[in-house]
Amino acid sequence: MVFGDAEAAVCDILRDSADIAAFTGVTVATDLIGFAYPARRLKVTRTGGMPTLWMRVDNPVIEIEASADTKGIAYDLASAARAAVFAARGTYTGHGLALFEVADSTGLTWSPDTADPDVARYTVRLSLVTRPS
């Protein structure tokens, strides 16, 4: 059984969110290539999760890292990203999957960049339930 690309799906959800668009200059990506700090960025990474094959569902854990020029903007950006993914449950289909459920795996967490103190960063981890579409 082939499950869809949860990272790409969450990137689509974030790029299509009006709340994320309200923040100017936000880049949504799965890697750091070509990213100049301390610009505003949402990095999406699958950090784990286990499929339940007999139910034909995948349970990816997705980490969203929000980086910005200030701590307040990074917090607000992470909160908006979390809300956008929750709002997409039951309605999003794309990248080979349908998103059925979303739950917090860890709440918003202050995660300063030790390599660059000028970057403010919050992370949030979400546990998804998806099915092949």
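Residues: numbered from 1 along the sequence shown.
- When the options L14, V10, I64 are evaluated for a side chain to side chain contact (heavy atoms under 4.5 Å, CB included) with V28, the one that passes is L14.
- Closest approach of A68 to A74, counting heavy atoms only: CB-N, 3.6 Å.
- Of all non-hydrogen atoms in L126 and F86, the two that sit nearest each other are CD2-CE1, 3.8 Å.
- Across all their heavy atoms, R125 and T47 have their closest contact at NE-OG1, 3.9 Å.
- As a member of the Ile/Leu/Val/Met/Phe/Trp/Tyr network built from side-chain separations under 4.5 Å, V2 groups with nothing else and remains a singleton.
- A 4.5 Å side-chain heavy-atom check between I20 and R15 finds every atom pair outside the cut-off.
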Carefully, step by step, assess R41 and E65 under the rule salt bridge (Lys or Arg N to Asp or Glu O under 4.0 Å). CA-CA 8 Å; R41 168 180 74 93; E65 178 184 297; 2.4 Å; yes
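- Side-chain atoms of R46 do not come within 3.5 Å of backbone N or O of D5 as any donor-acceptor pair.
- Using a 4.5 Å cut-off on side-chain heavy atoms (C-beta onward), N59 and L128 make no contact.
- Between Y75 and L108 the shortest heavy-atom distance is CE1-CD2, 3.5 Å.
- Here the closest heavy-atom approach between residue A80 and residue D19 is recorded as CB-CB, 4.3 Å.
- Among V57, V102, D58, the one residue that satisfies the side chain to side chain contact (heavy atoms under 4.5 Å, CB included) test with V129 is V57.
- Here the closest heavy-atom approach between residue L97 and residue G4 is recorded as CD2-C, 3.8 Å.
- Atom CE of M1 is surrounded by more than 12 heavy atoms from other residues, nucleotides or ligands within 6.0 Å.
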